[in-house]
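All residue numbers refer to positions in the sequence shown, counting from 1.
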Amino acid sequence: MWVNVLISAIILAGAIAVYFRIVRALKMTDTPNPRSSHQLPTIRGGGIIFPIALLLFIFFDSGQWLLWTTGVFLAALVSFWDDWREVPAKWRLVVYFIAAALLIAEFDLWQQSVPYSLLLLILFTGIINAYNFMDGINGITGAYSLLWLLSIFVLHWHLDTGFPDLFFYIMSVSLVIFILLNFRKRALCFAGDVGSISIALILLFPTFWLIHTTGSWIFLLLLAVYGIDSVLTIFYRLIKGENIFRAHRHHIYQNLANEWNWEHLPIALLYTGIQLLINILMLQFLAASATAQIIFGATLLLLLSVSYYLLKRSTLSRFGSKNY
């Protein structure tokens with residue numbers, strides 16, 4: 001297995017180096033706009049390393065779960081195209097629905113319960129889009145995703161679910177390589193839609209595996225920080241009458257970066273650190289009753305929601321509403 005991991009690391013490092021050369025030769029970089037949180041042109045689409053890592057895992061693991069991986073590659077292809085030539089939001093959403101539907105199909109749930117599968121379809125598509133919304137500053141996608149990956153690895157190991165370790169090792173390598181390029185004051189590349197969408201789809205599969213195996217939804221708390229920021233920001237924008245599919249700067253992490261002038265990396269570490277504390281607390285409730293888990297989850301989400309409200313209120317009070 002470790003030989004496969006080493007081979008994967010070499011291929012992934014080589015692939016990203018080739019990608020950088022191609023992008024630089026074609027002078028295809030991300031040029032900042034008024035809604036951006038960066039100031040200098042930067043290589044976009046560095047997250048292409050994630051679907052490549054999944055491809056390597058599938059190759060070494062004898063082609064398991066082809067429905068899920070087909071969905072990942074389909075979404076990655078459309079997202080990569082959108083990174084360079086804009087794809088209408090409605091068509092991207094259709095593709096994300098298809099990718100989520102294929103993930104659900106790996107668990108044979110469409111045959112068992114269509115209503116339940118439809119609810120999952122809406123939930124998973126929402127998570128995929130939310131993860132993309134949260135990819136707006138250096139370091140946040142890499143750090144948060146690595147924590148998510150390591151957390152589900154620990155949970156799979158602790159609960160002995162039978163999920164292959166090779167998946168976690170290869171995906172960890174891809175995330176470490178990406179972090180080395182992105183977790184910088186002056187990032188060498190951004191994940192792009194191809195990165196944020198594909199890593200969300202990739203990590204959703206083992207996360208739902210935990211939920212499906214144990215029957216507990218407590219594992220959704222692995223995305224609590226991102227979830228609260230995304231959902232409440234959507235509500236905020238709807239109240240303001242904005243088009244939620246257009247670029248904006250209303251997320252708390254964007255407020256901290258653009259209004260409060262925080263550096264990107266401390267914000268990324270703050271989000272990841274809070275999520276780490278939540279994950280550690282969650283471990284204490286794995287053996288608790290369903291009622292106790294619900295009370296814990298509801299209390300935690302309420303505290304995060306109050307924190308969001310107070311930070312948003314403080315930002316509006318100090319800087320006014322003209323930029324929002």
For Tyr131 and Trp148, run ring pair (Phe, Tyr, Trp, His ring centres under 6.0 Å): C-alpha distance rounded to whole Å, both residues' side-chain angles, the deciding distance at 0.1 Å, then the answer.
-> CA-CA 12 Å; Tyr131 217 79; Trp148 185 8; 5.4 Å; yes

Contacts of Phe57 meeting ring-ring contact (aromatic ring centres under 6.0 Å, His included) (sequence neighbours excluded), chain-then-number -> Phe167

On the 0 to 90° scale, with breaks at 30° and 60°, tag the Tyr226-Tyr271 ring pair as parallel, tilted or perpendicular.
-> perpendicular

Any side-chain donor near an acceptor of the partner, Asp83 and Ser79, under 3.5 Å = no

Examine Phe178 together with Phe183 and report whether their ring centres are nearer than 6.0 Å.
-> no

So, does Asp135 use its side chain to make a donor-acceptor pair with the main chain of Asp193 at under 3.5 Å?
-> no

Looking just at side-chain N and O atoms, do Asn138 and Lys185 make a donor-acceptor pair shorter than 3.5 Å?
-> no

Under the 3.5 angstrom rule, does the side chain of Arg44 hit a backbone N or O of Phe190 as a donor-acceptor pair?
-> no

Take Leu56 and Leu12 through the test side-chain contact (heavy atoms from CB on, under 4.5 Å) and record every step on the way to the result.
-> CA-CA 9 Å; Leu56 290 169; Leu12 290 170; 3.8 Å; yes

Derivation and outcome, side-chain contact (heavy atoms from CB on, under 4.5 Å), residues Phe208 and Leu204 | CA-CA 6 Å; Phe208 185 65; Leu204 259 179; 5.8 Å; no

Is there a donor-acceptor pair closer than 3.5 Å between any side-chain N or O of Glu106 and the backbone N or O of Trp68?
-> yes

Between the side chains of Gln275 and Asn279, is a donor N or O closer than 3.5 angstrom to an acceptor N or O?
-> yes

Looking at side-chain heavy atoms only, is the closest gap between Phe107 and Leu120 below 4.5 Å?
-> no

Should Phe80 and Leu77 be counted in the same cluster of Ile, Leu, Val, Met, Phe, Trp and Tyr side chains packed under 4.5 Å apart?
-> no

Taking a hydrophobic cluster as the set of Ile, Leu, Val, Met, Phe, Trp and Tyr residues connected by side-chain heavy atoms closer than 4.5 Å, whether directly or through intermediates, do Ile152 and Trp157 fall within one such cluster?
-> no

Validation row: His156, Trp209 side chains within 4.5 angstrom (heavy atoms) = yes

Heavy-atom nearest pair, Gly142 first then Ile179, reads O-CD1, 3.5 Å

Starting from the C-alpha separation in whole Å, work towards a yes-or-no answer on side-chain contact (heavy atoms from CB on, under 4.5 Å) for Ile52 and Ser174.
-> CA-CA 9 Å; Ile52 295 174; Ser174 69; over 6 Å; no

Work out which heavy atom in Ser172 is nearest to a heavy atom in Leu149; give both atom names and the distance.
-> OG-CD2, 3.2 Å

Main-chain N/O of Leu203 paired with Thr207 side-chain donor or acceptor, under 3.5 Å | yes

So if you build clusters from Ile, Leu, Val, Met, Phe, Trp, Tyr with side-chain heavy-atom gaps below 4.5 Å, do Ile274 and Phe219 land together?
-> yes

Under 4.5 Å between any side-chain heavy atoms of Leu159 and Thr213, yes or no?
-> no

Check whether any side-chain N or O of Thr233 sits under 3.5 Å from a backbone N or O of Ser230 as a donor-acceptor pair, and report yes or no.
-> no

Do Trp91 and Trp81 make the cut of ring centroids closer than 6.0 angstrom?
-> no

Evaluate side-chain contact (heavy atoms from CB on, under 4.5 Å) for Leu66 paired with Ile58, printing each intermediate quantity in order.
-> CA-CA 8 Å; Leu66 292 180; Ile58 294 301; 4.3 Å; yes

Asn182 side chain to Ala187 main-chain N or O, any donor-acceptor pair under 3.5 Å?
-> no

Mind checking whether Ile218 and Ile294 sit in one hydrophobic cluster, side chains of I, L, V, M, F, W, Y counted as touching below 4.5 Å?
-> no

Does Leu180 belong to the same Ile/Leu/Val/Met/Phe/Trp/Tyr cluster as Ile10, with side-chain heavy atoms less than 4.5 Å apart forming each link?
-> no

Distance-only, no hydrogens or angles: does the Gln284 side chain make a donor-acceptor pair with backbone N or O of Leu281 under 3.5 Å?
-> no

When you measure from the side chain of Ser198 to the backbone N and O of Ala76, does any donor-acceptor pair fall under 3.5 Å?
-> no

Output all residues satisfying salt bridge (charged side-chain N to carboxylate O under 4.0 Å, His left out) with Asp82, sequence neighbours left out; order by chain, then residue number.
-> Arg92

Exactly one of Leu6, Val5, Ile7 clears side-chain contact (heavy atoms from CB on, under 4.5 Å) with Val3, and that residue is Ile7

Do His158 and Leu283 touch side chain to side chain, with heavy atoms closer than 4.5 Å?
-> no

Between the main-chain N or O of Leu238 and the side-chain N or O of Glu242, is there a donor-acceptor pair closer than 3.5 Å?
-> no

Short question: side chain of Gln293, backbone of Phe285 - any donor-acceptor pair under 3.5 Å?
-> yes

Between Tyr308 and Tyr236, does the ring centroid distance fall short of 6.0 Å?
-> no

For Ile278 against Ala224, the heavy-atom pair lying closest together = CD1-CB, 4.1 Å

For residues Trp262 and Tyr253, establish whether the separation of their ring centroids is below 6.0 Å.
-> no

Quick check, are the ring centers of Phe163 and Phe168 under 6.0 angstrom apart?
-> yes

So, do Phe60 and Ile170 sit near enough that their side-chain heavy atoms are less than 4.5 Å apart?
-> yes

